[in-house]
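See structure below.
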Amino acid sequence: MEATPRGVEENMSALTVNSESCENLECYMVLLDAEKMAIGSICFLAGPVTLLENALILGVIAATASLRHRPSYLFIGNLALADVFASCFFTTSFLDFHLFRRSDGPTAYLFKLGGVTMAFTNSVGSLLLTALDRYLCIHRPCGYKVLLTRRRALLGLLVLWSATVFISSLPLMGWTCPTGLTLPCSRLFPYISRGYLACWTGFILVLLALILGAYVLILWKAHRHEASMTVLHAGHARMRMDIRLARTFGLILLTLVGCWLPALSFMLADVAVVLTHTQQRAFAFCSTLCLLNSAVNPLLYALRCRELRLALLHLLEVLGEAAKCKKSNPRLPPREDNNCASHCDVDLPRSSHFCTVLEMLDKQ
């Protein structure tokens, strides 16, 4: 009889482990060698890119006074900060567990998982604050400056961070699986109770639903404003504006749902049934989509804002001149008030007048 290769024999033995008799972390380390290489390549590529992108956005906002004092860019900066944490925590803990097969104790593992949970929860929460900020700009353009002050924005961020830290710390505070690693524990996360996993997944789904609802209301409000115009070319302009808005928000929502829904679906399935090793491996790949979402966020939310792009170009110009040791006094981007005329909600090509039109309509 022909001998079975050692690697194949080990993989076959890992697949035949009874899900109910899981006594150590080995039954959660289910990736095959080829899958380890693929996921390792994704993490080693997406992790540093995500870190550099979001660190650049944070640096631009922090270095530009006209941006860091405005609520809209405070939310974008907080999103970048959460994605920086996500790239660091997720990449290191994920590779450490699945590739290097590090078997930590319950406290160390839950601490690492809490960091990943905090970062991703804060990232989705920041997306919700950004969506609500954009809706407020469209819904109340004249009172936008009064309703959303810098103080209220900072208070909202404080509430968001307090909530995410509390939620991510619940397993460390005792909400763990009573049986350790055996059923009814989660088959995706060691020591995690199915009740906690169900609550966290439901919370993220509620946030995603609110984000979706906010953007739908923005489109509806924009359509109503454009429909009220009586100019001769209003119908054609409305069609162009609606198409641009639909494309932008459609891209945002498609990316958000496409990156989060696969992983959340496996989490919901883990609450109801006992997942197989094949499903556990599929979840490992789906979870990397959440990291890819953090890599795409700067392109969708930050770099689409004209003022931030100007500030970035200005910062690069200053750094370039400093490297050449030349004395210069480059002109800073003009400081603008916290109004929605320069807001980046609908910062599409040749549509920066959109909030101004809405404000004029409201005055009428």
Legend entry - Flag side-chain contact, heavy atom, 4.5 Å: L308 against Y301: no
Inset, instruction - Check the hydrophobic clustering (I, L, V, M, F, W, Y; side-chain heavy atoms under 4.5 Å; chains of links allowed) and say if F75 and L154 are grouped together. - result: yes
Inset, instruction - Find out whether N297 and S123 are in side-chain contact, i.e. whether some heavy atom of one side chain is under 4.5 Å from a heavy atom of the other. - result: yes
Inset, instruction - Check whether F166 and L155 end up in the same hydrophobic cluster, where Ile, Leu, Val, Met, Phe, Trp and Tyr are linked by side-chain heavy atoms less than 4.5 Å apart. - result: no
Inset, instruction - State plainly whether one hydrophobic cluster holds both L261 and L212, where clusters connect Ile, Leu, Val, Met, Phe, Trp and Tyr through side-chain heavy atoms under 4.5 angstrom apart. - result: no
Inset, instruction - Indicate yes or no: at least one non-hydrogen side-chain atom of L113 is less than 4.5 angstrom from one of P171. - result: no
Acceptor/donor pairs from residues 42-60 side chains to any protein atom, 3.5 angstrom cut, sequence neighbours excluded:
{"residue": "T50", "atom": "OG1", "partner": "A46", "partner atom": "O", "Å": "2.6"}
{"residue": "N54", "atom": "ND2", "partner": "T50", "partner atom": "O", "Å": "2.7"}
{"residue": "N54", "atom": "ND2", "partner": "S294", "partner atom": "O", "Å": "3.4"}

Legend entry - Minimum heavy-atom distance T149-K145, with the two atoms named: CG2-O, 3.6 Å
Inset, instruction - Mind listing the closest non-hydrogen atom pair of S41 and M37 along with its distance? - result: OG-O, 2.8 Å
Legend entry - Donor-acceptor pair, side chain of Y191 and main chain of P178, under 3.5 angstrom: no
Legend entry - F189-Y109 aromatic ring centre distance below 6.0 Å: no
Inset, instruction - Identify the two heavy atoms, one from R68 and one from A62, that lie closest to each other, and give their separation to 0.1 Å. - result: NH1-O, 2.7 Å
Legend entry - Sidechain-backbone polar pair: N293 side chain, C259 backbone, donor-acceptor under 3.5 Å: no
Inset, instruction - Quick one: which residue pairs count as a disulfide (SG to SG under 2.5 Å) with a foot in residues 104-136, not counting sequence neighbours? - result: none
Inset, instruction - Output, in order, the C-alpha distance, side-chain angles, deciding distance and verdict of side-chain contact (heavy atoms from CB on, under 4.5 Å) for L268 and L205. - result: CA-CA 11 Å; L268 289 177; L205 288 174; 3.9 Å; yes
Counting only pairs under 3.5 Å, give me each side-chain donor-acceptor contact of residues 283-290, with atom names and distances, residues two or more places apart or in other chains.
{"residue": "S287", "atom": "OG", "partner": "F283", "partner atom": "O", "Å": "3.3"}
{"residue": "S287", "atom": "OG", "partner": "A284", "partner atom": "O", "Å": "2.7"}
{"residue": "T288", "atom": "OG1", "partner": "F285", "partner atom": "O", "Å": "2.4"}

Inset, instruction - Please answer whether the main-chain N or O of L147 pairs with a side-chain N or O of R152 as donor and acceptor at a distance below 3.5 Å. - result: yes
Inset, instruction - Report the distance from atom CD1 of I61 to atom CZ of R70, rounding to the nearest 0.5 Å. - result: 10.5 Å
Legend entry - Derivation of the side-chain contact (heavy atoms from CB on, under 4.5 Å) call for R304 and T248: CA-CA 10 Å; R304 294 186 69 88; T248 298; 3.5 Å; yes
Legend entry - Heavy-atom side-chain proximity of I211 to L253 below 4.5 angstrom: yes
Inset, instruction - State plainly whether one hydrophobic cluster holds both V116 and L172, where clusters connect Ile, Leu, Val, Met, Phe, Trp and Tyr through side-chain heavy atoms under 4.5 angstrom apart. - result: yes
Inset, instruction - Answer yes if the side chains of H277 and Q280 hold a donor-acceptor pair under 3.5 Å, and no otherwise. - result: yes
Legend entry - Polar side chain donor-acceptor pair, N78 to N122, under 3.5 angstrom: yes
Inset, instruction - Over all heavy atoms of both residues, which pair between A302 and I76 is shortest? Give the atoms and the distance, please. - result: CB-CG2, 3.9 Å
Legend entry - Rounded distance [0.5 Å steps], CD1 in I192 versus CG in L170: 10.0 Å
Inset, instruction - With rounding to the nearest 0.5 Å, note down the distance linking CZ in F120 to CH2 in W260. - result: 5.5 Å
Inset, instruction - Could you tell me whether the side chains of Y144 and S72 share a donor-acceptor contact shorter than 3.5 Å? - result: yes
Legend entry - Side-chain donor/acceptor of T64 to backbone N/O of L67, under 3.5 Å: no
Inset, instruction - Mind checking the OG1-CZ spacing from T201 to F266? Nearest 0.5 Å is all I need. - result: 13.0 Å
Inset, instruction - State whether the side chain of S87 and the backbone N or O of V84 hold a donor-acceptor pair below 3.5 Å, judged by distance alone. - result: yes
Inset, instruction - For the residue pair Y73 and S66, establish whether any side-chain heavy-atom pair is separated by less than 4.5 Å. - result: no
Legend entry - Backbone of L275 reached by a side-chain donor or acceptor of R187 within 3.5 Å: no
Legend entry - From CA spacing to verdict: side-chain contact (heavy atoms from CB on, under 4.5 Å), L197, S186: CA-CA 8 Å; L197 185 61; S186 168; 3.8 Å; yes
Inset, instruction - Report yes if some heavy atom in the side chain of L129 is under 4.5 Å from a heavy atom in the side chain of L157; otherwise report no. - result: yes
Inset, instruction - Would you please say whether a donor-acceptor pair under 3.5 Å links the side chains of T121 and W200? - result: yes
Legend entry - Verify same cluster id: L299, L315 (apolar side-chain graph, 4.5 Å): yes
Legend entry - Side chains of E307 and L310 in contact at under 4.5 Å (non-hydrogen atoms): no
Legend entry - Beyond-backbone contact of L81 with W161, side-chain heavy atoms, under 4.5 angstrom: yes
Legend entry - Nearest-0.5 Å distance that lies between atom CZ in F89 and atom NZ in K112: 12.0 Å
Legend entry - Step-by-step side-chain contact (heavy atoms from CB on, under 4.5 Å) determination, I39 to L31: CA-CA 9 Å; I39 284 189; L31 295 181; 3.8 Å; yes
Legend entry - Atom pair CG/CD1 of L254 and I252 - distance to nearest 0.5 Å: 11.0 Å
